[in-house]
2 protein chains.
Amino acid sequence: MPRYTGTKRAILDATLELAATKGITGTTMDEVAERAGVAKGSLYYNFSSKDRLFEELLQEGVGALADTLLEARAGLHGRAALEALIGALLDGIASNTALAKLMASEIFRTDRTWQRTLFALRHEALAVFAEAIAEARPGSRDNGTCGLMASSVFGAVLMSGLEWLVFDPERHRDEVSAAILDSFSGGLLGD
Amino acid sequence: MPRYTGTKRAILDATLELAATKGITGTTMDEVAERAGVAKGSLYYNFSSKDRLFEELLQEGVGALADTLLEARAGLHGRAALEALIGALLDGIASNTALAKLMASEIFRTDRTWQRTLFALRHEALAVFAEAIAEARPGSRDNGTCGLMASSVFGAVLMSGLEWLVFDPERHRDEVSAAILDSFSGGLLGD
DNA sequence: GTCTATACACCGATAGAC
DNA sequence: GTCTATCGGTGTATAGAC
């Protein structure tokens with residue numbers, strides 16, 4: 001995954017900030033150029049189209065998230081691996097809230113030109129959770145069930161994380177983390 | 001019992017179907033008119049603007065969801081109330097997937113003219129979960145924590161429900177339900 | 001590589017006939 | 001209440017100077 005610098009970096013950063021609040025379709029190339037401090041012509045020199053610009057943005061962002069999750073799980077097993085993944089995802093959302101908002105709003109859209117790219121990356125990130133779940137309870141669950149449970153955990157962290165950061169930023173990170181862990185530790189439906 | 005009938009109903013239905021795949025900003029009034037089988041002028045006779053059209057659409061949809069959740073919880077307590085809520089939300093997502101996709105993509109946006117309307121309705125739906133959670137374990141958790149856990153459950157059901165309906169529709173509803181309930185019953189982090 | 005200027009299609013909204 | 005026709009504004013993308 002290539003890391004960009006210079007003009008491309010400035011354009012991608014401006015694009016992400018704008019898209020997080022206005023959405024992708026609602027973000028114009030004129031606004032991106034202005035925020036990035038370049039002319040519109042430079043946008044099209046560095047990225048062949050608006051679609052390609054957003055495809056590269058999502059590729060970089062979601063790819064980095066998948067890498068973060070892989071690192072967080074490394075060397076850990078069972079319950080410890082899952083707790084580390086939940087914490088790492090929550091921290092990832094906190095440190096790149098713009099990307100998280102963008103992911104939440106784009107992840108279930110099926111009309112984009114970059115649909116297949118985003119689908120593969122999303123699958124990659126979810127697979128880290130699914131594998132950790134499968135390993136935690138070997139033999140007792142099929143792959144599909146582990147995938148669903150991975151979605152369940154991912155959705156829980158994404159939603160409560162954004163709830164915190166967007167609507168209730170005063171709250172402390174550890175409160176959010178504790179509420180999520182409590183939910184999945186049987187605090188809601190357990191015994 | 002639909003609040004609207006006739007032309008307004010046709011327009012709202014067409015709007016929802018289009019917006020579920022193309023997003024709100026990506027849906028044009030010309031497309032809505034064509035799909036609804038009316039002329040564009042009729043759109044503006046029945047709804048004063050594009051923003052108002054979508055505000056009424058979300059108001060109707062999310063309001064109906066909140067009512068469904070209230071009914072599902074009625075008369076139930078503790079674990080049974082939470083399980084009923086999870087099942088009702090999953091069924092609501094399945095029977096109105098277009099609305100669920102729209103909610104997922106709009107719920108964390110803060111630049112819309114109808115922001116306050118959607119925020120209030122979202123809060124209403126989440127409050128049903130939060131109250132059920134608070135009641136299930138009285139005294140042990142503050143309101144904020146119950147709200148976070150409500151987001152957690154809501155996000156888990158929304159994400160795994162859409163994962164099922166959008167990317168893996170062959171799967172049976174009860175498998176999805178079982179995976180969610182298992183996750184929150186301690187199947188992931190419990191003992 | 002980055003700029004300015006512009007082509008040209010599209011979209012939200014309105015006016016007025018029926 | 002619904003239609004057709006149209007206006008003004010805006011958006012993506014390109015051409016060509018520097």
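The sequence lines fix the lettering, A, B, ..., with proteins before strands; numbering per chain opens at 1.
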With sequence neighbours left out, the residues meeting side chain to side chain donor-acceptor pair (under 3.5 Å) with B:D182 are A:R141
Give the first and the last nucleotide of DNA chain C, reading 5' to 3', that has any atom under 4.0 Å from a heavy atom of chain B.
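Both ends considered, the range comes out as C:dC11 to C:dT14.
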Can you get from A:L181 to A:F184 by hopping between Ile, Leu, Val, Met, Phe, Trp and Tyr side chains that sit under 4.5 Å apart?
yes
Residues which pass ring pair (Phe, Tyr, Trp, His ring centres under 6.0 Å) with B:Y45, listed by chain and number, not counting sequence neighbours:
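Per chain and number, B:Y45 pairs via ring pair (Phe, Tyr, Trp, His ring centres under 6.0 Å) with no residue.
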Any side-chain heavy atom of B:F129 within less than 4.5 Å of one from B:L89?
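Touching, per the 4.5 Å side-chain cut-off.
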Among pairs that include at least one residue of residues 99-108 of chain B, which meet side-chain hydrogen bond (donor to acceptor under 3.5 Å, both in side chains), considering only residues two or more places apart or in two chains?
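Found B:E106-B:R112.
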Going by the side-chain hydrogen bond (donor to acceptor under 3.5 Å, both in side chains) test, which pairs reach into residues 65-77 of chain B, not counting sequence neighbours?
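Sorted pair list: B:R73-B:E131, B:H77-B:E135.
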Rounding to 10 degrees, work out the angle separating the end axes of the helix from C:dG1-D:dC18 to C:dC18-D:dG1 (five pairs an end).
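The end axes of the helix from C:dG1-D:dC18 to C:dC18-D:dG1 are about 0° apart, to the nearest 10°.
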Return the residues of residues 35-44 of chain A meeting this criterion: a heavy atom under 4.0 Å from some atom of DNA chain C. Order them by number, or give none.
A:V38, A:A39, A:G41, A:S42
Residues in contact with DNA chain C, drawn from residues 11-34 of chain B - heavy-atom cutoff 4.0 Å:
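DNA chain C contact set from residues 11-34 of chain B: B:T27, B:T28, B:M29.
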Using the test salt bridge (Lys or Arg N to Asp or Glu O under 4.0 Å), find all partners of A:K22 that sit at least two apart in sequence or belong to another chain.
A:E31
Nearest whole angstrom, please: distance from the P of D:dA13 to the CG of A:L53.
10 Å
On the six-membered ring of A:Y44, is A:R52 placed so that its NZ or CZ lies under 6.0 angstrom from the centre and within 45° of the ring axis?
no
Please tabulate, for the side chains in residues 145-159 of chain B, all donor-acceptor contacts under 3.5 angstrom to protein atoms that are two or more places apart in sequence or on a different chain.
| from | atom 1 | to | atom 2 | distance (Å) |
| --- | --- | --- | --- | --- |
| B:T145 | OG1 | B:D142 | OD1 | 2.6 |
| B:S151 | OG | A:E163 | OE1 | 3.4 |
| B:S151 | OG | B:G147 | O | 3.4 |

Which atom of A:R35 lies closest to which atom of A:A14, heavy atoms considered
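Minimum heavy-atom separation between A:R35 and A:A14: CG-CB, 3.2 Å.
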Could you work out, with side-chain contact (heavy atoms from CB on, under 4.5 Å) as the rule, every residue matching B:L16, not counting sequence neighbours?
B:L57, B:N96, B:A98, B:L99, B:L102
Taking side-chain contact (heavy atoms from CB on, under 4.5 Å) as the test, write out the residues that go with A:E124, two or more places apart.
A:A66, A:L121
